[in-house]
Protein chains: 2
Amino acid sequence: MNKLSNLFKENNLKLTPQRYAIYNYLLGTKSHPSAEMIYEALRPHYPTMSLATVYKTLNTLIELGLVQQLNVGEDNFRFDAKSESHPHIVCLGCGRVDDIDELELDHINQIAQKYTNYKISSSKVYFYGLCAECQAQEKGDR
Amino acid sequence: MNKLSNLFKENNLKLTPQRYAIYNYLLGTKSHPSAEMIYEALRPHYPTMSLATVYKTLNTLIELGLVQQLNVGEDNFRFDAKSESHPHIVCLGCGRVDDIDELELDHINQIAQKYTNYKISSSKVYFYGLCAECQAQEKGDR
DNA sequence: GTCCATGCAAACGGTTTGCATAAGG
DNA sequence: CCTTATGCAAACCGTTTGCATGGAC
């Protein structure tokens with residue numbers, strides 16, 4: 001059996017087509033979509049699926065540790081199927097969000113631990129800037 | 001005259017008691033309050049002030065660069081009078097937010113720049129963990 | 001006196017919830 | 001069959017907006 005169905009079974013959860021589709025969509029994209037974006041993307045294939053189901057499924061997947069929620073500073077959340085911690089970069093021009101997989105920042109937890117009496121368990125790092133496309137467009141504007 | 005009134009004058013803004021009180025409150029606290037918390041804290045002194053004014057004032061102060069908005073992952077925003085970039089730490093137990101002033105992480109922008117074709121302009125770092133009080137309480141629970 | 005700010009209430013938008021129906025195991 | 005998930009609509013909650021009144025300059 002595959003890991004996913006076992007994980008669902010262990011938690012008394014049903015592996016419905018909607019859940020499968022949402023998780024698969026997240027696995028297959030690098031775009032860190034919002035719930036709304038996922039809903040719109042899957043609508044052609046699952047025209048009866050409701051936005052509420054997308055939200056409920058995302059929360060289920062987060063509890064399972066399969067998905068993480070990002071807070072880039074917009075008014076909504078974005079979602080990422082990779083649950084390991086890794087930095088993200090947000091374009092201030094167009095709002096797109098990318099991973100910076102190669103950048104390894106786990107050591108900053110240890111460093112920060114020296115400066116606080118909190119017991120640090122995790123961290124999130126967001127970079128902000130302009131993506132290649134928006135840089136090009138900015139040059140064009142001048 | 002003081003810097004604040006000059007800054008307001010330059011921008012054709014009026015330095016009203018409400019604006020003054022909100023900014024002063026933020027300068028005097030380390031608690032990174034939400035708009036609602038600011039509203040409640042000032043209510044005894046400014047009973048007629050509305051929550052809408054708090055929001056409008058905060059946005060004004062952000063535009064002036066006097067205040068920054070934090071996104072700790074809750075459903076609301078928090079505000080900080082120090083506008084220079086510095087890391088924050090969030091307690092997963094009680095939700096309090098503290099600064100980690102001594103930790104200097106500006107160099108990570110340069111490091112990250114090597115791994116992306118974005119033009120990086122800033123970054124935000126959030127640590128998550130348990131504050132001293134919540135650690136103590138957790139021990140008491142067992 | 002002019003123009004911007006305040007305060008109220010209503011609107012807004014993303015997210016959650018309640019509940020009857022549908023469908024996975 | 002039993003139990004959990006779905007889909008719909010309504011509720012929720014933080015934040016924003018429109019507008020008439022009030023106050024800073």
Side-chain angles (χ1 to χ4, degrees), chain A residues 1-2 4-23 32-43 45-64 66-79 95 97, chain B residues 1-2 4-23 32-43 45-64 66-79 95 97:
Chain A
M1 301 297 330
N2 67 61
L4 195 62
S5 67
N6 283 342
L7 184 58
F8 272 67
K9 201 173 292 180
E10 286 165 17
N11 290 275
N12 291 319
L13 296 169
K14 294 173 183 171
L15 190 42
T16 63
Q18 293 90 332
R19 284 173 171 174
Y20 193 76
I22 290 168
Y23 183 52
H32 308 83
S34 65
E36 184 82 36
M37 290 158 103
I38 297 168
Y39 173 64
E40 291 300 336
L42 295 181
R43 185 124 75 131
H45 310 285
Y46 298 85
T48 69
M49 185 169 64
S50 78
L51 186 53
T53 297
V54 176
Y55 278 107
K56 288 170 184 167
T57 296
L58 287 169
N59 286 329
T60 303
L61 293 172
I62 288 169
E63 278 168 31
L64 290 175
L66 296 173
V67 164
Q68 68 177 310
Q69 213 173 26
L70 306 183
N71 239 282
V72 299
E74 298 173 325
D75 41 5
N76 59 15
F77 289 105
R78 285 163 169 269
F79 300 88
V97 180
Chain B
M1 301 272 45
N2 68 60
L4 196 61
S5 67
N6 283 343
L7 185 57
F8 273 68
K9 202 173 292 177
E10 287 166 17
N11 290 276
N12 290 318
L13 297 170
K14 292 173 183 169
L15 191 41
T16 64
Q18 292 91 333
R19 284 174 172 174
Y20 193 76
I22 291 168
Y23 183 51
H32 308 83
S34 65
E36 184 83 35
M37 292 159 103
I38 298 169
Y39 173 65
E40 291 299 337
L42 295 180
R43 184 124 76 132
H45 310 285
Y46 298 84
T48 68
M49 186 170 62
S50 78
L51 186 53
T53 297
V54 176
Y55 277 107
K56 287 171 186 168
T57 295
L58 287 170
N59 286 328
T60 303
L61 293 172
I62 289 169
E63 277 169 30
L64 290 175
L66 295 172
V67 163
Q68 68 177 309
Q69 211 174 26
L70 306 183
N71 239 282
V72 299
E74 298 174 326
D75 40 7
N76 58 14
F77 290 106
R78 284 162 169 270
F79 299 89
V97 180

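Note that the coordinates shown come from a computational prediction; the quantities given were computed from them, not determined experimentally. A note on names: the letters A, B, ... follow the listed sequences, proteins ahead of strands, and every chain is numbered from 1. Basis for what follows: all heavy atoms, side chains included, without hydrogens, waters or symmetry-related copies.
By the side chain to side chain contact (heavy atoms under 4.5 Å, CB included) test, A/D75 is found to be paired with no residue, residues two or more places apart in sequence or in another chain being considered. The side chain to side chain contact (heavy atoms under 4.5 Å, CB included) check on A/N59 picks up A/I62, with sequence neighbours excluded. Contacts of B/E63 classified as side chain to side chain donor-acceptor pair (under 3.5 Å), with partners at least two apart in sequence or in another chain: none. Qualifying side chain to side chain donor-acceptor pair (under 3.5 Å) partners for A/E40, counting only residues two or more places apart in sequence or in other chains: A/R43. Every residue meeting the side chain to side chain contact (heavy atoms under 4.5 Å, CB included) condition with B/Y20, not counting sequence neighbours, appears here in chain and number order: B/L4, B/L15, B/N24. Under the rule for a side chain to side chain contact (heavy atoms under 4.5 Å, CB included), the partners of A/F77 that lie at least two apart in sequence or sit in another chain are A/Q69, A/N71, A/F79. Remark: A/R78 engages A/E74 in a side chain to side chain donor-acceptor pair (under 3.5 Å) (not counting sequence neighbours).
Shortest non-hydrogen contact noted between A/R19 and A/K14 is NH1-O, 2.8 Å. The two residues B/P33 and B/I38 come nearest to each other via the heavy atoms CG-CG1, 3.7 Å.
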Legend entry - Heavy-atom protein contacts under 4.0 Å, nucleotides 10-15 of chain C, coded B base, S sugar-phosphate only, - none: ----SS
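The base of C/dG7 sits within donor-acceptor range of the side chain of B/K56, with an N or O pair under 3.5 Å.
Rounded to the nearest 0.5 angstrom, B/T60 OG1 and B/L13 CG are separated by 6.5 Å. One finds the CG atom of A/L7 at 5.0 Å from the CG atom of A/L64 (value rounded to the nearest 0.5 Å).
Computed from coordinates, the B/Y23 OH to C/dA5 P distance equals 18 Å when rounded to whole Å. Spacing between atom NZ of B/K9 and atom P of C/dC3 amounts to 19 Å, rounded to whole angstrom units.
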Going by atom type alone, with no hydrogens or angles, which donor-acceptor pairs under 3.5 Å involve a side-chain atom of residues 51-58 of chain A and a protein atom two or more places apart or on another chain?
unit_1: A/T53; atom_1: OG1; unit_2: A/S50; atom_2: OG; d: 3.3
unit_1: A/T57; atom_1: OG1; unit_2: A/T53; atom_2: O; d: 2.9

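With axes fitted over five pairs at each extremity, the angle between the ends of the helix from C/dG1-D/dC25 to C/dG25-D/dC1 is 40° (10° resolution).
First and last contacts of DNA chain D with chain A, using any nucleotide atom under 4.0 Å from a protein heavy atom and ordered 5' to 3', fall at D/dT3 to D/dA9.
Residues A/M49 and A/I22 have side chains in contact (heavy-atom distance under 4.5 Å, counting atoms from C-beta outward).
Using a 4.0 Å cutoff on non-hydrogen atoms, the parts of residues 12-19 of chain A near DNA chain C are A/K14, A/L15, ordered by number.
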